[in-house]
Amino acid sequence: MNCRACSDPGKMPVFYQKVYAITARIPRGKVASYGQIASLAGNPFAARAVGNAMKQAPEMLSLPCHRVVRQSGELTACRSFGGAGGQRKLLEAEGITFRENGYVDMKQHQWKTEG
DNA sequence: TCCTTGACTTGTC
DNA sequence: CGACAAGCCAAGG
């Protein structure tokens with residue numbers, strides 16, 4: 001663990017700062033996919049880079065990374081939220097509903113920037 | 001500069 | 001639905 005941001009977020013790469021800014025823009029009760037964020041960042045195909053940005057996202061920014069899910073609605077590697085299922089509880093607390101398969105209902109909670 | 005890594009996405013079997 | 005492969009991008013060594 002050597003996140004440069006652990007010392008100063010201003011030292012983070014440009015792309016990362018965008019991802020953080022966008023992720024922070026995710027309204028409560030909504031979820032955004034990596035592709036969504038990547039697109040807002042300027043690269044709709046940089047979903048992987050977005051994931052990396054989230055991974056390095058310093059907790060000091062309190063980024064709602066738990067609102068970031070896959071395009072399919074499946075949660076991320078929530079191993080960072082205090083154990084598998086922790087992310088789901090957080091989202092449920094936000095008012096987000098889940099399908100019986102455990103996926104987020106993107107049709108209802110997918111963050112739409114057009115609105 | 002090149003290669004590797006990764007919390008992604010889509011298409012095919 | 002599950003598993004595999006190909007393609008996209010940025011950061012780090």
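Letters A, B, ... mirror the listed sequences (proteins, then strands); counts begin at 1. What you see is a predicted model; the values in this text were computed from it and never measured. Below, each value reflects all heavy atoms present in this structure, side chains not excepted, and no hydrogens, waters or symmetry copies.
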> Grab the CZ-P distance between A/Arg48 and B/dT4 for me, whole Å please.
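Spelled out: CZ on A/Arg48 to P on B/dT4 is 14 Å.
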> What's the CG-C1' distance between A/Leu40 and C/dC9, to the nearest Å?
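A/Leu40 atom CG is separated from C/dC9 atom C1' by 16 Å.
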> Hey, does the side chain of A/Gln17 reach the backbone of A/Met12 with a donor-acceptor pair shorter than 3.5 angstrom?
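Flag set: sc A/Gln17 to bb A/Met12 pair under 3.5 Å.
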> NA contact type, A/Ala46, heavy-atom cut-off 4.0 Å: base, sugar-phosphate, or nothing?
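Contact class for A/Ala46: sugar-phosphate only.
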> Expressed as a whole number of angstroms, how long is the span from A/Ile22:CD1 to C/dC9:C1'?
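About 14 Å, once rounded to whole Å.
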> Of the nucleotides C/dA11, B/dG6, B/dT10, which has the atom closest to the A/Ala49 side chain?
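The closest nucleotide is B/dG6.
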> By nearest atom, which of the nucleotides C/dA10, B/dT9, B/dG6 is closest to the A/Lys55 side chain?
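Among the listed nucleotides, the one closest to the side chain of A/Lys55 is B/dG6.
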> Rounded to the nearest angstrom, tell me the gap between atom NE2 in A/His66 and atom P in B/dA7.
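After rounding, the reported distance stands at 19 Å.
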> Could you state the atom-to-atom distance from CD of A/Glu74 to C1' of C/dC1 in whole Å?
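Answer to the nearest Å: 12 Å.
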> Closest approach to the side chain of A/Gln71, judged atom by atom: which nucleotide of B/dT10, B/dC8, C/dA10 is it?
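Closest nucleotide to the A/Gln71 side chain: B/dT10.
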> From B/dA7, C/dA11, C/dC9, pick the nucleotide closest to the side chain of A/Phe45?
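It is C/dC9.
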> Quick one about A/Gln56 and A/Tyr16 (side-chain donor to acceptor, distance below 3.5 Å, no hydrogens or angles considered), yes or no?
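Side chains of A/Tyr16 and A/Gln56: pair found under 3.5 Å.
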> With a 4.0 Å cut-off on heavy atoms, is A/Asn52 in touch with a base, just the backbone sugar-phosphate, or nothing at all?
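Base, at least one base heavy atom under 4.0 Å.
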> Determine the contact category for A/Ser72: base if any of its heavy atoms lies under 4.0 Å from a base atom, sugar-phosphate if only primed atoms, P, OP1 or OP2 are that close, otherwise nothing.
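Nothing: the residue A/Ser72, judged by heavy atoms under 4.0 Å, touches no strand.
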> Out of B/dA7, C/dA10, C/dG7, which has the shortest distance to the side chain of A/Asn43?
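Looking only at side-chain atoms, A/Asn43 lies closest to C/dA10.
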> In whole angstrom, give the distance that lies between atom CD of A/Gln56 and atom C1' of C/dG12.
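Whole-Å distance recorded here is 9 Å.
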> What closest approach, in Å, do A/Pro64 and A/Thr23 show between heavy atoms, and which atom pair accounts for it?
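That closest heavy-atom pairing would be CG-O, 3.2 Å.
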> Quick one: pull up OG1 in A/Thr97 and NZ in A/Lys107 and give me the separation to the nearest 0.5 Å.
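Those atoms lie 12.5 Å apart.
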> Does a sphere of radius 6.0 Å around CD in A/Glu59 hold more than 12 heavy atoms from other residues, nucleotides or ligands, not counting ones at 6.0 Å or beyond?
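Count not over threshold, so no.
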> Starting from P on C/dC1, measure out to OH on A/Tyr103 and report it in whole angstrom.
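To the nearest whole Å, that distance equals 7 Å.
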> Please state whether the phosphate of B/dC8, meaning OP1 or OP2, lies under 4.0 angstrom from any side-chain nitrogen or oxygen of A/Arg70.
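For A/Arg70, the contact criterion (side-chain N or O under 4.0 Å from OP1 or OP2 of B/dC8) is met.
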> Starting at atom CZ of A/Phe15, determine the distance to atom P of B/dA7, rounded to an integer number of angstrom.
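About 15 Å, once rounded to whole Å.
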